[in-house]
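Side chains included, hydrogens not; waters and symmetry mates left out as well; all remaining heavy atoms used.
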Amino acid sequence: MTEIRTPIGPVVRFGSRPPYHGWMDWAGWATFGFVATVLLTGIMVASQLLGLSRMDLPLMLGTILVESRDRARVVGFFIHLANGQVFALLYAAARALSGWATCWLAAICGHIHGLAALTLIVALLPGIHPKMASERAGAELRTVLEPPGPLGLNYGRETPLFTLVAHVAYGAVLGGFLRPR
């Protein structure tokens with residue numbers, strides 16, 4: 001059996017079984033991926049209801065597929081929930097592969113995840129969303145949503161802050177509750 005000491009975590013042991021076989025916390029992924037995504041979405045919706053941000057993720061995602069704004073919010077919520085489960089799977093896999101993680105390390109990963117969402121995903125959204133205006137091309141007749149702008153700032157000054165807070169909370173929940181097997 002080989003032991004490897006990590007600088008910020010416990011000993012990782014490699015024995016007779018393959019080191020990553022069966023270590024995935026599938027129940028934790030399904031449960032806490034859902035909880036973390038609902039928390040993230042709740043923080044974003046709360047910032048919108050408090051007038052601190054106008055970014056409506058369920059509406060943005062749902063209007064890709066549905067015309068009605070009310071139905072789009074429902075469809076978009078389930079799209080966002082599915083996206084959250086995919087990202088939770090990545091968090092769970094990273095935790096299983098490394099054999100160690102903490103709430104704080106996962107919160108830092110959530111911060112990086114939020115920065116990627118603000119700089120990459122938000123920037124690409126007008127290019128793939130059929131009903132969103134573009135910063136470069138402007139509005140067309142079929143557009144119903146304004147572009148988010150850099151870091152989502154077109155939706156309010158506090159949008160980047162609440163997006164990062166939501167993603168840090170997402171990571172912290174996953175880091176606190178997922179367990180490597």
Within-4.5 Å side-chain heavy-atom neighbours: [X] and [Y]:
| X | Y | value |
| --- | --- | --- |
| Leu40 | Val173 | no |
| Gln48 | Tyr155 | no |
| Ile128 | Leu124 | no |
| Asn154 | Pro148 | no |
| Glu158 | Ser53 | no |
| Leu115 | Leu164 | yes |
| Ile64 | Lys131 | no |

Are Ile121 and Val168 linked, directly or through intermediate hydrophobic residues, by side-chain heavy-atom contacts shorter than 4.5 Å (ILVMFWY only)?
no
Determine, using the 4.5 Å side-chain heavy-atom cutoff (strictly less than), whether Leu151 and Met55 are members of one ILVMFWY cluster.
no
Go through Phe162 and His167 one step at a time and tell me if the side chain to side chain contact (heavy atoms under 4.5 Å, CB included) criterion holds.
CA-CA 8 Å; Phe162 281 96; His167 283 84; over 6 Å; no
Side chains of Thr63 and His129: is there a donor and an acceptor less than 3.5 Å apart?
yes
Assess whether side chain to side chain contact (heavy atoms under 4.5 Å, CB included) is satisfied between Tyr170 and Leu39, documenting all intermediate values.
CA-CA 7 Å; Tyr170 175 89; Leu39 176 64; over 6 Å; no
Can you tell me if CZ on Phe87 sees more than 12 non-hydrogen neighbours from other groups inside 6.0 Å?
no
Dump the intermediate steps for side chain to side chain contact (heavy atoms under 4.5 Å, CB included) on Asp56 and Leu145, then the final yes or no.
CA-CA 10 Å; Asp56 188 343; Leu145 298 173; over 6 Å; no
Tell me the closest heavy-atom pair linking [X] and [Y], and the distance in Å.
| X | Y | answer |
| --- | --- | --- |
| Leu174 | Ala36 | CG-CB, 4.0 Å |
| Leu59 | Ala72 | CD1-CB, 4.2 Å |
| Met44 | Ala166 | SD-CB, 3.9 Å |
| Pro58 | Thr41 | CG-CG2, 4.4 Å |

Can you classify the ring geometry of His113 versus Tyr91 as parallel (below 30°), tilted (30 to 60°) or perpendicular (above 60°)?
tilted
